[in-house]
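As structure tokens, the structure follows; a few thoughts come after it.
Side-chain atoms are counted along with the backbone in the values below, which use heavy atoms only and exclude waters and symmetry mates.
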Amino acid sequence: QIALAEKNYEKAVSELNQANLANPYNHYRLAMAHKGLGDKQKAQEYCDKAANSNAVNNLAYAMIRHKAKKMMTSL
């Protein structure tokens, strides 16, 4: 998250790929990192995963779904 905030997108992708990818918020963070790298296709892929996560009773999903869908429309 620090690398993402510092706009060090390559490091952010590397670190986030080691994170818990069952958490839809990490998919959203990966989408932001790929968007920062200019890779719209990967950003779209991760936004879709975040917005359409199949998580039951997942607070992270509830918090990120709207942001991910909004980001998908801007890509």
Side-chain angles (χ1 to χ4, degrees):
Q1 292 177 18
I2 293 169
L4 187 60
E6 292 175 345
K7 298 183 180 181
N8 186 347
Y9 300 119
E10 288 182 23
K11 183 174 182 178
V13 168
S14 174
E15 295 294 326
L16 287 166
N17 278 323
Q18 298 175 51
N20 178 5
L21 294 180
N23 182 341
Y25 219 114
N26 287 330
H27 288 286
Y28 180 71
R29 290 178 183 117
L30 276 163
M32 293 187 335
H34 282 289
K35 183 179 178 183
L37 288 172
D39 188 347
K40 290 184 180 183
Q41 184 176 3
K42 278 283 196 188
Q44 183 80 29
E45 178 184 324
Y46 281 107
C47 268
D48 184 56
K49 287 180 181 183
N52 298 308
S53 176
N54 191 16
V56 177
N57 294 328
N58 189 322
L59 182 59
Y61 174 62
M63 294 172 55
I64 202 59
R65 183 170 188 242
H66 177 71
K67 286 183 181 181
K69 286 191 174 205
K70 186 175 177 182
M71 185 178 182
M72 281 177 31
T73 62
S74 72
L75 292 174

Inset, instruction - Identify, with sequence neighbours excluded, every residue that meets side-chain hydrogen bond (donor to acceptor under 3.5 Å, both in side chains) alongside Asn52. - result: Asp48
Legend entry - Reported NZ-to-CD1 distance for the pair Lys69 and Ile64, which is rounded to 0.5 angstrom: 13.0 Å
Legend entry - Considering all heavy atoms, the nearest Leu21-Leu16 contact: CD2-O, 3.8 Å
Inset, instruction - Using side chain to side chain contact (heavy atoms under 4.5 Å, CB included) as the criterion, list what pairs up with Thr73, not counting sequence neighbours. - result: none
Legend entry - Contact summary for Ala50 and Tyr28, nearest pair of heavy atoms: CB-N, 3.8 Å
Inset, instruction - Output all residues satisfying side chain to side chain contact (heavy atoms under 4.5 Å, CB included) with Lys35, sequence neighbours left out; order by chain, then residue number. - result: Ala43, Met71, Ser74, Leu75
Legend entry - Set of residues satisfying side-chain hydrogen bond (donor to acceptor under 3.5 Å, both in side chains) with respect to Asn8, sequence neighbours excluded: none
Inset, instruction - To the nearest 0.5 angstrom, please state how far the CZ atom of Arg29 sits from the CG atom of Leu4. - result: 8.0 Å
Inset, instruction - Look only at the side chain of Asn26 and the backbone of Asn20, and say whether a donor-acceptor pair between them is shorter than 3.5 Å. - result: yes
Inset, instruction - Mind jotting down which residue pairs meet the side chain to side chain donor-acceptor pair (under 3.5 Å) criterion with at least one end in residues 37-46? Sequence neighbours excluded, please. - result: none
Inset, instruction - Sequence neighbours left out, what passes side-chain hydrogen bond (donor to acceptor under 3.5 Å, both in side chains) with Lys67? Give chain and number order. - result: Tyr25
Inset, instruction - Determine yes or no for a side-chain-to-main-chain donor-acceptor pair under 3.5 angstrom, with His27 supplying the side chain and Cys47 the backbone. - result: no
